Amino acid sequence: MNVSDQPAELLSLLRWYQAMGVDVAVGEVARDRFAESAAPPTRTLKPKPTPTQAEPARTSAASAAPTLTAPDLDEVEKLVQACGTMEALRAAYDAYDGCPLKPRATQLVFADGNPEADIMLIGEAPGHDEDLQGKPFVGRAGQLLDRMLGAIGLDREKVFIVNTVAWRPPGNRNPSPAEIESCRPFLNRQVQLAAPKLIVSLGLVATQTLFAEKISITRTRGQWRDVSFGGFAAPVLPTLHPAFLLRQPRQKREAWQDLLTLKAAMTALDGGESG
Ligand code: URA
């Protein structure tokens with residue numbers, strides 16, 4: 001049976017892919033790998049000539065895949081330093097092609113909340129809902145985050161929220177170190193321009209990114225550490241990621257302690273006035 005002639009079969013195949021976590025297309029043209037593996041093997045008898053400028057290399061579906069050339073981070077640093085406002089930085093990030101995640105994502109997920117706020121939250125990476133809406137933390141984890149913030153009198157007008165990378169990793173995998181590094185100049189500049197007084201890192205990946213070392217989130221959470229963001233220093237409080245708390249609700253007790261630690265620091269900032 002040719003499945004493409006059967007809409008119901010096609011739909012159930014798509015649903016099965018989705019249930020298996022295959023929820024993004026990685027190429028414009030579908031490849032029939034069954035047909036490829038059934039075809040007799042082809043052998044190249046002659047070494048392929050090296051393409052010259054007069055005879056450019058032919059492109060194929062495979063060679064049209066996103067290139068992973070590492071960006072020149074010194075150049076990227078100059079680019080971000082030239083951005084004097086958050087809007088200029090957003091435009092530069094949107095135009096930036098140095099992050100390998102960009103070609104497969106729907107759009108840039110730059111930030112949400114108030115860039116003037118004293119408190120900044122740094123998450124890991126956009127997920128499915130964030131990719132569609134272009135805003136961080138709008139899915140289930142984001143709803144839990146809103147409730148956590150609400151419990152200590154915060155909302156999105158009182159915090160500024162970003163991620164270590166601004167494009168969704170396919171299938172919600174963790175961003176790789178190379179993907180994170182390609183976005184780090186933008187993250188640093190987001191922090192420099194927002195100039196928050198306190199920063200909360202959400203989960204292992206964000207905390208490892210900021211501390212620039214391998215850590216255990218269960219041992220590191222709840223303790224402030226000063227971090228430099230390309231020259232701008234701010235205290236960072238690691239806590240558990242809301243997506244982790246959705247899977248491990250018993251850990252909410254630890255997250256609550258971290259929220260109280262944050263609340264105490266906010267009160268100290270206000271000279272003991274905030275309740
Ligand atoms: N998880 C994150 O770390 N960031 C988001 O924006 C959404 C989910």
Side-chain angles (χ1 to χ4, degrees), residues 21 23-24 86 89-90 93-94 96 99-102 104-115 117 119-150 154-184 186-188 190-191 194 196 198-212 215-218 220-221 227 229 236-249 251-252 254-255 258-259 262:
D23 56 1
V24 284
M86 207 59 90
L89 187 65
R90 176 198 288 269
Y93 212 168
D94 205 15
Y96 178 57
C99 175
L101 294 171
K102 183 179 184 183
R104 289 173 190 167
T106 307
Q107 59 185 314
L108 177 86
V109 178
F110 181 73
D112 193 27
N114 179 358
I119 298 161
M120 185 158 177
L121 308 183
I122 302 180
E124 179 183 316
H128 174 260
D129 298 306
E130 291 75 21
D131 178 61
L132 293 181
Q133 294 187 39
K135 266 192 201 179
F137 285 100
V138 291
R140 280 185 69 224
Q143 287 155 20
L144 176 57
L145 179 64
D146 286 341
R147 291 199 296 278
M148 291 163 66
L149 294 175
L154 293 175
D155 59 26
R156 293 202 183 211
E157 270 311 296
K158 294 183 185 143
V159 297
F160 187 53
I161 310 178
V162 301
N163 281 307
T164 62
V165 295
W167 288 280
R168 181 199 186 197
N172 288 354
R173 64 165 169 75
N174 288 350
S176 72
E179 289 155 359
I180 291 175
E181 287 316 309
S182 73
C183 292
R184 194 188 283 269
F186 288 90
L187 173 64
N188 281 349
Q190 283 176 312
V191 178
L198 304 169
I199 295 178
V200 177
S201 61
L202 298 165
L204 178 69
V205 171
T207 307
Q208 275 185 176
T209 300
L210 304 191
F211 290 2
I215 51 120
S216 146
I217 190 66
T218 46
T220 315
R221 53 149 281 275
V227 172
F229 295 84
V236 173
L237 180 72
T239 190
L240 303 172
H241 194 286
F244 172 74
L245 296 174
L246 287 173
R247 295 191 302 271
Q248 305 276 336
Q251 303 283 329
K252 284 183 184 169
E254 276 73 28
D258 300 343
L259 288 172
L262 174 62

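Start at 1 and go down the list; that is how both ligands and their atoms are numbered. Note that this is a predicted model, so its numbers are computed, not measured. Only this structure's heavy atoms are used, side chains among them; waters, hydrogens and symmetry mates stay out.
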Measuring from non-hydrogen atoms of K135 to any atom of ligand 1, is the shortest distance under 4.0 Å? no
Just need the protein heavy atom nearest to atom 5 (C) of ligand 1, so name the residue and atom and give the distance. A125 O, 3.4 Å
Within 4.0 Å of some non-hydrogen atom of P136, the atoms of ligand 1 are 6 (O)
May I ask you to list the atoms of ligand 1 that are less than 4.0 angstrom from any heavy atom of H241? 1 (N), 2 (C), 3 (O)
Any nitrogen or oxygen of F137, side chain or backbone, less than 3.5 Å from one on ligand 1? yes
Closest protein heavy atom (residue, atom, distance) for atom 4 (N) of ligand 1: N163 OD1, 2.8 Å
Between Y93 and F186, how do the two ring planes meet: parallel, tilted or perpendicular, split at 30° and 60°? parallel
Going by the rule salt bridge (charged side-chain N to carboxylate O under 4.0 Å, His left out), which residues pair with D146 if we only count those two or more places apart in sequence or in a different chain? R156
Looking only at heavy atoms, what is the nearest atom pair of N172 and H128, with distance? OD1-N, 3.6 Å
Under 4.0 Å, heavy-atom basis, I'd like to know which part of E124 is in contact with ligand 1: side chain, backbone, both or neither. both
Rounded to the nearest 0.5 Å, how far does CD1 of I122 lie from CG of L187? 5.0 Å
Checking K135 now: which residues fulfil salt bridge (charged side-chain N to carboxylate O under 4.0 Å, His left out) with it, not counting sequence neighbours? none
Any idea which heavy atoms bring R168 and L101 closest together, and the distance? O-CD2, 4.1 Å
Which atoms from ligand 1 have a heavy atom of G123 less than 4.0 Å away? 3 (O)
